[in-house]
Number of protein chains: 2
Amino acid sequence: MTTKNKILDAAEKLFADKGFNGTSLREITSQAEVNLAAVNYHFGSKKELIKAVMSRYMNELSPRLESALITICNEEKQPTLVEVFSAFVEPLLALNQFKENGTSNFLQLLGRGYTDSQGFLRWFLTTRYPVVIDSFITAVHKAYPELSTEEMFWRLHFTMGTIVFTMSSSDALMDIAKNDFNKNIDIAGVIKQVIPYVAAGVGAPIR
Amino acid sequence: MTTKNKILDAAEKLFADKGFNGTSLREITSQAEVNLAAVNYHFGSKKELIKAVMSRYMNELSPRLESALITICNEEKQPTLVEVFSAFVEPLLALNQFKENGTSNFLQLLGRGYTDSQGFLRWFLTTRYPVVIDSFITAVHKAYPELSTEEMFWRLHFTMGTIVFTMSSSDALMDIAKNDFNKNIDIAGVIKQVIPYVAAGVGAPIR
DNA sequence: AGTCAGTTTAAACATGCGTTTAAAATACCG
DNA sequence: CGGTATTTTAAACGCATGTTTAAACTGACT
């Protein structure tokens, strides 16, 4: 286990739990049991560390997601919106084999990135992984061609909000669900719950 | 204009823009043109200031919202989900008469409160204004009785996410919409866009 | 005019932050 | 083994934060 990876692992969990702004380098390095200065030595700055944490996941996720979406785009038949959103499931859950609690951690990080840090992570992701976004939009358009570009813009952002918010507070939600309904739901369960919701939202009738 | 109100006004705008953690007391007091120590003198602490900012809006909003929802609950006919969510529109837009940009500011604050500050604001709101939440749940149940308590729980949280995320980044979204579609959309426009989305999401078929 | 509670003020305080430094330790290689 | 490059370390730096202090000011009421 290298120092660099110890830092990445500790940072990932703390960032997911408490946000980027809410986590100090001192927390990270003491959890990782490395020296404080190691972060700046290995990554240069806290901002670069954040990028490194996100990149580790994106590089794992984006090829799978990309090919799943492109497959849908190239098929003959018109997909349903549920099918489009279901394309995310396998690539997302594959992160659990890549790393323990990978799916949950990644989605929480994504949520943090959109609300912490004044949108710099949004810029980072959209400029670094544009193909994923484009093929997703194409797939949605194929499933619901009547949706205008503008309405699609809004509905996809609503969807982003649904996912991101749900995931950044998924720990709290799963706790409540356990107390109130005596059901142990995991991240895969949450994902399966949310797909019909966002598919119906995006597919809502126009006007 | 009292010192207390000058602080509340400045804090409200800054909190909405940059989050609670992202705004310092020095920014607030210099924008409000009062002394730094005035915050602690009048409010006790930053945390109490946050509560005061939120309470000013909630006390304006909650009676209207409560009565609108209770009206729906007491009507003979079964409401549609769109009608239930539309009950929020008038009370929310009324905040614009209460204060310039009131609707937008309040919704952004709400968004911040759910992601900043480790959920203490969520606790504050749910314990201080339980009637609003209860009557909302009752109204949704009346509109879609087949939805189990558990599924309702998840879908309402998804909805919360949609609203909260959209609103906390609504400035950025409205900017993009202006650039890409040459359309000047305001907060009322966003609200009207989101209602069909969340209504369809909550109303999605079960299983 | 004098008193006194309420308010405002400048200054300081303690703490925590990200980052930098320079020396010590370790690893690598001819 | 010797020397060079890499990595780790403790300490400090400069800065920003929320909060506290104690003195100065304000405006009513007797």
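Please read these numbers as outputs of a predicted model, since none were measured by experiment.
The side-chain heavy atoms of B/Leu173 and A/Phe153, taken from C-beta on, include a pair separated by under 4.5 Å. Taking the side chain as every heavy atom from C-beta outward, A/Asn105 and A/Leu95 never approach each other to under 4.5 Å. You'll find the side chain of A/Tyr144 reaches within 4.5 Å of the side chain of A/Ile206, heavy atoms only. Side-chain contact check for A/Ile176 versus A/Asn179: every heavy-atom pair is 4.5 Å or farther apart.
Between B/Lys6 and B/Glu33, none of the side-chain N atoms (NZ, or NE/NH1/NH2) sits under 4.0 Å from a carboxylate O, so this pair counts as no salt bridge. Electrostatic pairing of A/Lys99 and A/Glu60 does not count as a salt bridge here, judged by no charged N lying under 4.0 Å from a carboxylate O.
Residue whose closest nucleotide on DNA chain C sits further toward the 5' end, between B/Thr2 and A/Gly44: B/Thr2.
As rounded to whole Å, 13 Å separates atom P of D/dT17 from atom CG of A/Asn21. Between A/Ile7 atom CD1 and D/dT7 atom C1' there is a gap of 11 Å when expressed in whole angstrom units. Between the CE atom of A/Met1 and the P atom of D/dT8 there is a distance of 13 Å, rounded to whole Å. We find that NZ of B/Lys18 is positioned 9 Å from P of D/dT17, with the value rounded to whole Å. Atoms NZ (A/Lys46) and C1' (D/dC15) sit 15 Å apart, rounded to a whole Å.
For the side-chain contact (heavy atoms from CB on, under 4.5 Å) criterion with A/Met167, the lone passing option out of A/Thr103, A/Leu110, A/Ile187 is A/Ile187.
At D/dG18, none of the side-chain N or O atoms of B/Ser45 fall inside 4.0 Å of OP1 or OP2 (strictly under the cut-off).
We find the CG-OG distance between A/Leu92 and A/Ser104 to be 11.0 Å, quoted to the nearest 0.5 Å.
Residues of residues 25-37 of chain B that place a heavy atom closer than 4.0 Å to DNA chain D, in numerical order, are B/Leu25, B/Arg26, B/Leu36, B/Ala37.
Residue contacts for A/Thr23: at a heavy-atom cut-off of 4.0 Å it reaches the sugar-phosphate backbone alone, with no base atom in range.
In this structure, A/Phe136 and A/Phe88 have perpendicular ring planes: the angle between them is above 60°, well past the 30° mark.
The footprint of chain B on DNA chain C, defined by a heavy-atom cutoff below 4.0 Å, extends from C/dG6 to C/dA12.
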